[in-house]
Amino acid sequence: MPETLDRAPRAFIVGNMTGETPKDPFTAFRDMVTQWETTANEWGNKMMSTPEAVQAMQMGTATTLKVKEATADTMAKALSAANMPSKADVEAIGERLLAVEAQLARIEALLTGRADSVAAVPVPRPKRTKTPPAKAVAKAK
């Protein structure tokens with residue numbers, strides 16, 4: 001046997017003389033962790049069932065949202081002061097670029113005579129945020 005095994009207790013290497021298997025040294029640790037988890041879950045369930053805890057969680061969530069909004073506002077102001085685009089500006093540019101690419105694809109398909117590919121490219125439509133002027137005038141009369 002190697003030297004390190006000679007120094008270990010024989011019970012852990014081959015079992016004891018009665019034929020029992022050696023004991024796992026981590027069993028006590030696993031039992032302790034299981035007991036701790038059970039106790040923590042019971043305590044957490046008791047705490048979260050009180051209206052005060054629920055109200056505190058709601059206040060925490062509201063505070064987090066306010067901090068995020070304030071951070072985004074501050075960042076937008078800082079970027080504006082540095083003459084740099086904000087995230088919303090970059091997203092708007094991306095959307096406009098996609099619309100331009102779609103229009104170019106339609107024009108290219110029309111010029112090359114590929115009518116089937118014109119139908120495959122969707123026509124970009126404006127967002128419907130207001131009623132069209134013709135309907136607004138008709139309602140006024």
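Just so you know, these numbers use all the heavy atoms, side chains as well, and skip hydrogens, waters and symmetry mates. Everything numeric here is computed off the predicted structure, so don't read it as measured data. In this chain, residues are counted from 1 in sequence order.
Under the rule for a side chain to side chain donor-acceptor pair (under 3.5 Å), Ser80 has no partner lying at least two apart in sequence or in another chain. Here Thr74 pairs with nothing under the side-chain contact (heavy atoms from CB on, under 4.5 Å) rule; sequence neighbours left out. In this view, Val100 and Leu104 satisfy the side-chain contact (heavy atoms from CB on, under 4.5 Å) rule, not counting sequence neighbours.
The salt bridge (charged side-chain N to carboxylate O under 4.0 Å, His left out) analysis of residues 62-85, with sequence neighbours excluded, yields the pairs Asp73-Lys77.
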Side-chain donor-acceptor pairs under 3.5 Å in residues 82-90, sequence neighbours left out?
residue : atom : partner : partner atom : Å
Ser86   : OG   : Asp89   : N            : 3.3
Ser86   : OG   : Asp89   : OD2          : 3.3
Asp89   : OD2  : Ser86   : N            : 3.2

Side-chain donor-acceptor contacts of residues 55-65 below 3.5 Å, not counting sequence neighbours, with atom names and distances?
residue : atom : partner : partner atom : Å
Thr61   : OG1  : Met57   : O            : 3.0
Thr63   : OG1  : Met59   : O            : 2.7
Thr64   : OG1  : Gly60   : O            : 2.8

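Between Trp43 and Thr39, every side-chain heavy-atom pair lies at or beyond the 4.5 Å cut-off. The side-chain heavy atoms of Thr27 and Asp31, taken from C-beta on, include a pair separated by under 4.5 Å.
Here the CE-CD distance, from Met32 to Glu37, works out to 11.0 Å after rounding to the nearest 0.5 Å. Going from atom CG of Leu110 over to atom CD of Glu108 covers 10.5 Å, rounded to the nearest 0.5 Å. Atom CD of residue Glu101 and atom CZ of residue Arg106 lie 15.0 Å apart, to the nearest 0.5 angstrom.
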